[in-house]
Amino acid sequence: MIWQNYIYFVHENKIRVTHLCGVIRIPQTIIIHGGAGYWREDRLMKALNFLKDLGEKSYKVLLEKGSLAAVEYAINKMEESPLFNAGRGGAPNLLGHVELDAGLMKSNGEAGFVASVKNVIYAISLAKIVMTETDHLMIVGEGAESLAKIKGLWVPENELLTNRTINLWRESVSGLLQVVSGQLSKERLAEDNILRRILDYYPHLVEFLRKNRAYLEKLQMKLGTGDTVGAVAFDGDELVAGTSTGGLFLKLPGRVGDTPLPGAGTFANEKGACSATGVGEDIIRVMLAKSAVDLTRNLSARDASREVFRILGEKFKIRAGIILIDQEGDWGIYHKTPKFPCVVVENGSLIIKDEWRE
Ligand code: GLY
């Protein structure tokens with residue numbers, strides 16, 4: 001008899017049980033992405049090496065502990081690494097703070113999301129705590145930080161900022177202030193209290209950034225890294241999607257992207273699981289993750305991952321990438337960004353690439 005993916009049978013007068021995965025070849029797959037975007041070559045190489053090792057380790061966790069544990073493990077490791085835009089090394093906002101978003105969702109509808117949270121490296125674990133230890137689906141800002149304190153996940157901000165991100169922030173904001181004010185020299189700014197200057201010019205900065213998206217995109221490229229990390233997994237039973245991010249470099253404080261919005265940057269149901277990365281505003285507008293999962297009702301995950309960009313792209317600009325897995329264990333990866341480093345481990349075979357558009 002087969003019940004809930006277990007086979008029950010009689011052998012030597014005893015009832016025995018075995019999991020279907022051991023008998024019928026059910027795919028067990030994990031896909032991990034390090035963020036779509038403008039990767040600088042040297043950082044991209046490091047990210048690919050990192051992802052290869054991470055793919056192997058996360059696959060072991062998948063086999064031993066299942067989809068949820070594997071997704072959390074993979075994302076935690078990227079949050080710890082300053083190579084990626086999540087946790088430590090996350091992109092600072094306009095005021096120089098690292099403000100994180102994260103989301104986790106399972107095929108049975110259980111989910112947890114945190115948004116605009118500071119002083120946490122493992123934002124995905126905080127999202128898991130929201131899912132498993134509260135009655136809520138999403139907790140933001142100070143409330144999320146309080147929860148992080150209670151659960152021992154709170155860290156001082158200097159554990160999130162790196163020399164690289166601080167220097168990039170200082171350099172970029174100095175340049176911005178010079179453009180906006182039209183008067184201050186770099187030397188003068190270095191002496192001044194830069195935060196005070198930002199607040200003095202805040203309305204002008206907001207207006208300038210709104211009207212000059214190309215300027216902001218150039219600054220974004222300086223990060224030399226992707227946007228957001230994520231993973232999706234299928235252990236033969238449960239589908240899980242998770243995503244974690246520092247968000248857009250120099251975003252306005254309090255800005256929330258697609259990552260912690262169910263259906264936008266992170267989504268899973270009984271049909272599929274999807275994690276998105278890219279410009280949050282583009283992704284939210286089209287509910288990219290849910291749209292991709294919905295297409296798996298009629299298409300393979302591979303075709304759905306491409307088709308979702310074709311259909312939605314007719315009307316909207318979608319600067320993003322997705323990883324998608326369906327209930328059969330079929331998977332797809334697609335992106336509309338220059339690079340998208342991802343690793344896939346399917347039944348022990350590993351594929352790693354930085355472009356997935358063929
Ligand atoms: N995709 C991450 C963000 O826009 O915040």
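Computed from heavy atoms alone, side chains included, the values below leave out hydrogens, waters and symmetry copies.
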To the nearest 0.5 Å, tell me how far [X] [atom1] sits from [Y] [atom2].
{"X": "Asn93", "Y": "Ser116", "atom1": "CG", "atom2": "OG", "result": "8.5 Å"}
{"X": "Arg43", "Y": "Lys46", "atom1": "CZ", "atom2": "NZ", "result": "7.0 Å"}
{"X": "Gln220", "Y": "Lys251", "atom1": "CD", "atom2": "NZ", "result": "10.5 Å"}
{"X": "Ile325", "Y": "Ile31", "atom1": "CD1", "atom2": "CD1", "result": "5.0 Å"}
{"X": "Lys218", "Y": "Tyr38", "atom1": "NZ", "atom2": "OH", "result": "11.0 Å"}
{"X": "Ser172", "Y": "Leu219", "atom1": "OG", "atom2": "CG", "result": "4.5 Å"}

Sequence neighbours excluded - side chain to side chain donor-acceptor pair (under 3.5 Å) pairs with any residue from residues 273-294: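 Listed by first then second residue: His33-Ser275, Asp227-Thr277, Thr243-Ser275, Arg255-Glu281, Asp282-Arg319, Lys290-Asp294.
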
Chi angles and distances behind the side-chain contact (heavy atoms from CB on, under 4.5 Å) call for Leu205, Leu252: CA-CA 10 Å; Leu205 285 167; Leu252 299 185; over 6 Å; no

Going hydrophobic residue to hydrophobic residue with side-chain gaps under 4.5 angstrom, can you get from [X] over to [Y]?
{"X": "Val256", "Y": "Leu216", "result": "no"}
{"X": "Ile194", "Y": "Val179", "result": "yes"}
{"X": "Leu248", "Y": "Leu250", "result": "no"}
{"X": "Leu177", "Y": "Phe249", "result": "yes"}
{"X": "Tyr201", "Y": "Val173", "result": "yes"}

Pro92 and its side-chain contact (heavy atoms from CB on, under 4.5 Å) partner, picked from Leu168, Thr165, Ile166: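 In the set Leu168, Thr165, Ile166, the residue that makes a side-chain contact (heavy atoms from CB on, under 4.5 Å) with Pro92 is Thr165.
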
Donor-acceptor contact below 3.5 Å, side chain [X] vs main chain [Y]:
{"X": "His335", "Y": "Thr337", "value": "yes"}
{"X": "Arg88", "Y": "Glu79", "value": "no"}
{"X": "Asn347", "Y": "Gln28", "value": "yes"}
{"X": "Glu346", "Y": "Ile30", "value": "no"}
{"X": "Lys336", "Y": "Lys317", "value": "no"}
{"X": "Asn269", "Y": "Gly272", "value": "yes"}
{"X": "Ser58", "Y": "Leu54", "value": "yes"}

Thinking salt bridges, do [X] and [Y] make one under a 4.0 Å N-O criterion?
{"X": "Lys106", "Y": "Glu238", "answer": "yes"}
{"X": "Arg210", "Y": "Glu207", "answer": "no"}
{"X": "Arg310", "Y": "Glu314", "answer": "yes"}
{"X": "Lys60", "Y": "Glu64", "answer": "no"}
{"X": "Lys151", "Y": "Glu133", "answer": "yes"}

Could you check if a side-chain atom of [X] sits within less than 4.5 angstrom of a side-chain atom of [Y], using non-hydrogen atoms only?
{"X": "Leu95", "Y": "Leu199", "value": "yes"}
{"X": "Met45", "Y": "Leu48", "value": "yes"}
{"X": "Glu110", "Y": "Thr132", "value": "no"}
{"X": "Leu299", "Y": "Glu307", "value": "yes"}
{"X": "Leu51", "Y": "Cys342", "value": "no"}
{"X": "Ile333", "Y": "Leu324", "value": "no"}
{"X": "Leu44", "Y": "Pro341", "value": "yes"}
{"X": "Leu288", "Y": "Leu312", "value": "yes"}

Is the closest side-chain donor-acceptor distance between [X] and [Y] under 3.5 Å?
{"X": "Glu270", "Y": "Ser107", "value": "no"}
{"X": "Thr259", "Y": "Asp101", "value": "no"}
{"X": "Glu145", "Y": "Trp154", "value": "no"}

Within the 6.0 Å centroid threshold, strictly below: Phe208 and Tyr215: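 So the answer is yes for these two rings.
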
is_close_aromatic(Phe84, Phe50), centroid dist under 6.0 Å: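 So the answer is yes for these two rings.
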
Cation-aromatic face contact Lys339/Trp39, 6.0 Å, 45 degrees: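 Verdict for Trp39: no cation-pi partner in Lys339.
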
[X] to [Y] - nearest heavy-atom pair and separation:
{"X": "Tyr202", "Y": "Pro253", "result": "OH-CD, 3.2 Å"}
{"X": "Ala276", "Y": "Ile322", "result": "CB-CG2, 3.9 Å"}
{"X": "Ser67", "Y": "Leu62", "result": "CA-CD1, 3.7 Å"}
{"X": "Met78", "Y": "Gly230", "result": "CE-O, 3.9 Å"}

side-chain contact (heavy atoms from CB on, under 4.5 Å) assessment of Trp356 paired with Tyr334: CA-CA 6 Å; Trp356 303 81; Tyr334 200 69; 5.8 Å; no

With a 3.5 Å cut-off and sequence neighbours excluded, list the donor-acceptor pairs that the side chains of residues 120-130 form with protein atoms.
residue : atom : partner : partner atom : Å
Tyr122  : OH   : Glu80   : OE2          : 2.6
Ser125  : OG   : Glu72   : OE2          : 2.7
Ser125  : OG   : Asn76   : OD1          : 3.4
Ser125  : OG   : Asn76   : ND2          : 3.1
Lys128  : NZ   : Glu72   : OE1          : 2.8

Verdict with reasoning, Thr296 to Asp326, per side chain to side chain donor-acceptor pair (under 3.5 Å): CA-CA 7 Å; Thr296 64; Asp326 69 21; 5.7 Å; no

Intermediate values then yes/no, side-chain contact (heavy atoms from CB on, under 4.5 Å), Val117 and Val140: CA-CA 6 Å; Val117 58; Val140 308; over 6 Å; no

Atom NZ of Lys57 with >12 non-hydrogen neighbours under 6.0 angstrom: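 Result for NZ/Lys57: open.
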
Over 12 foreign heavy atoms within 6.0 Å of CG, Asn163: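 12 or below, so no.
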
Residues Thr29, Val344; criterion side-chain contact (heavy atoms from CB on, under 4.5 Å); working and verdict: CA-CA 7 Å; Thr29 304; Val344 183; 4.1 Å; yes

